[in-house]
Amino acid sequence: MVGVLLVPVIVTLALSAFAWSSSRLAPRDLPVGVVAPMPAAEKLKSGLQRGDAFDVHIYAGEGEAREAIRDRDVYGAFVVSPKGVTTLTATAASAPVAQVVTKAGDALAGQIAGKEATARTVDVVASDPDDPNGTGFSSSVLPLVLTGVLSAILIVMLSKPGMLQLGGLFTAAALAGVCGGLIVQSWLGIVDGNWAVNASVMGLTVLAISVMSAGSAALIGRAGMVCVSLLMVFLGNPFAGVSSAPEMLPEPAGWIGQMLPPGAGGNLLRGTAFFDGAASAAPLTVLLVWAGLGVTGVLFGIRRSGAEPVGDDEPTPARDIEFSGGSAG
């Protein structure tokens, strides 16, 4: 009966998280750049920041703005001249955001030079040609989440907290990373960059989820594992912002998503795949913290359950056996 009553609760939470975040997509302090002579640059910055859609940074030249895009400091930039506007975008960072930036650049060109304005768009960091809209890339996050959750459930069901359990979790995550790299890069070709690095990122994402689930189970029982699993699937996935951008999600969903492994993993993989690892420190730290907490939970679970740290299959030490009755005559 309790399980039946939980069904509408889970459905409500899932629909609320997924539908709310996806139906409220809009730019919110989206980092962009402006290249224009002073004092026109300051005037353009004030105009673009009206309404809190954009967080505008002023750059001295187009080359500097392009470098900022490659470093993932901004999603795009507007290079303004009396003849029009050249809009710099990065579809690899987010195709929906690139569309938003392009529309803003077109509108800006009309405001500056009226009917004679020219509006040109340059994709500084393009998505892979086999995945121009980034849909394949964004679809790769949920399988990693499910792999982390399911591997934790299977390994926790088949073993007690111990080094063998940790070994199983690390092995499963490593295999998931290898398989993920073979699929998304070797076969589908929807990500670029160093294959081994990308595979490691996917494996670390799976590990952060699975080992945290196992650590919660070791500390507070299977209810803890269920809570972590639900958190990753019903909150971490819709709040990850991989299909759009964290700055496109309603607040504080974007920030929450980047503090969870699905969002951090997707963000890190985007950086290693398309931006030579730029802006990777923060998401890498998030994944390592979750993985570290999970490992700590499993290790404390060893002491809590009395399991031997060397593994679950350690034979029970022999004990002295007392025999009753008389001695043999």
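Keep in mind that this is a model prediction, so the values were computed, not measured. Note: hydrogens, waters and symmetry copies are ignored here, and every other heavy atom, side chains too, is used.
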Calculate, to the nearest 0.5 Å, the distance between atoms CG and CG belonging to D73 and D55 respectively.
-> 11.0 Å

Can you give each donor-acceptor pair under 3.5 Å made by side-chain atoms of residues 149-156, sequence neighbours left out, with the distance rounded to 0.1 Å?
residue, atom, partner, partner atom, Å
S151, OG, T147, O, 2.8
S151, OG, G148, O, 3.1

Above 12 or not: heavy atoms from other molecules or residues under 6.0 Å from CH2 of W255?
-> no

To the nearest 0.5 Å, tell me how far W195 CH2 sits from T272 OG1.
-> 12.5 Å

Expected list for residues 224-250: side-chain donor-acceptor pairs under 3.5 angstrom, two or more places apart:
residue, atom, partner, partner atom, Å
S229, OG, M225, O, 2.8
E247, OE1, Y75, OH, 2.7

Do L293 and L287 share a hydrophobic cluster (ILVMFWY, side-chain heavy atoms under 4.5 Å, transitive)?
-> yes

Shortest non-hydrogen pair, F274 vs I190, comes out as CZ-O, 3.5 Å

Short side-chain to backbone donor-acceptor contact, T89 and G76, under 3.5 Å = no

Correct closest heavy-atom pair for Q258 and G263 would be OE1-O, 3.5 Å

Mind checking whether R66 and L88 have side chains closer than 4.5 Å, heavy atoms only?
-> yes

Side-chain donor/acceptor of D131 to backbone N/O of T135, under 3.5 Å | yes

Stepwise side-chain contact (heavy atoms from CB on, under 4.5 Å) test for L288 and L204 | CA-CA 8 Å; L288 291 176; L204 180 58; 4.2 Å; yes

Rounded to the nearest 0.5 Å, the CE atom of M202 sits from the OG atom of S200 at a distance of 9.0 Å

Going hydrophobic residue to hydrophobic residue with side-chain gaps under 4.5 angstrom, can you get from L182 over to L146?
-> no

Nearest-0.5 Å distance, CE of residue M259 to OG1 of residue T285 = 9.5 Å

Please step through side-chain contact (heavy atoms from CB on, under 4.5 Å) for the pair L269 and F137, ending with a clear verdict.
-> CA-CA 9 Å; L269 181 60; F137 178 85; 3.8 Å; yes

What heavy-atom pair brings L44 and A36 nearest, and what distance separates the two atoms?
-> CD1-CB, 3.9 Å

Side-chain donor or acceptor of D128 paired with backbone N/O of D130 under 3.5 Å | yes

Take atom CG in D276; do more than 12 heavy atoms of anything else shown fall under 6.0 Å from it?
-> no

To the nearest 0.5 Å, tell me how far M163 CE sits from F170 CZ.
-> 8.5 Å

Do you know the tightest heavy-atom contact between P261 and T205?
-> O-CG2, 3.8 Å

Donor-acceptor pair, side chain of S186 and main chain of I183, under 3.5 angstrom | no

Neighbour count >12 (heavy atoms, 6.0 Å) for atom CE, M157 = no

With the 4.5 Å side-chain cut-off for hydrophobic clustering, are W290 and L142 part of the same group?
-> yes

Are V178 and L144 co-members of a hydrophobic cluster defined by side-chain heavy atoms under 4.5 Å apart?
-> no

For V79, which of V122, V85, V35 qualifies under side-chain contact (heavy atoms from CB on, under 4.5 Å)?
-> V35

Check the pair L299, I302 against side-chain contact (heavy atoms from CB on, under 4.5 Å), reporting the backbone distance first and the verdict last.
-> CA-CA 5 Å; L299 294 178; I302 295 174; 3.9 Å; yes

Are the side chain of Q165 and the backbone N or O of S159 linked by a donor-acceptor pair below 3.5 Å?
-> yes

Rounded distance [0.5 Å steps], CZ in F18 versus OG in S23 = 13.0 Å

Can I58 be reached from V32 by stepping across I, L, V, M, F, W or Y side chains whose heavy atoms are under 4.5 Å apart?
-> no

Of all heavy-atom pairs between I69 and A90, which one has the smallest distance, and what is that distance?
-> CG2-CB, 3.7 Å

Yes or no on side-chain contact (heavy atoms from CB on, under 4.5 Å) for F275 and D192, after CA distance, side-chain angles and deciding distance?
-> CA-CA 9 Å; F275 294 90; D192 300 324; over 6 Å; no

Is E251 atom CD crowded by more than 12 heavy atoms from other residues, nucleotides or ligands, each under 6.0 Å away?
-> no

Donor-acceptor contact below 3.5 Å, side chain D123 vs main chain T91 = yes

Report yes or no: does R70 contribute a side-chain atom to a donor-acceptor pair with the main-chain N or O of V125 at less than 3.5 Å?
-> no

Looking at V191 and A273, what are the two nearest heavy atoms and their distance?
-> CB-CB, 3.9 Å

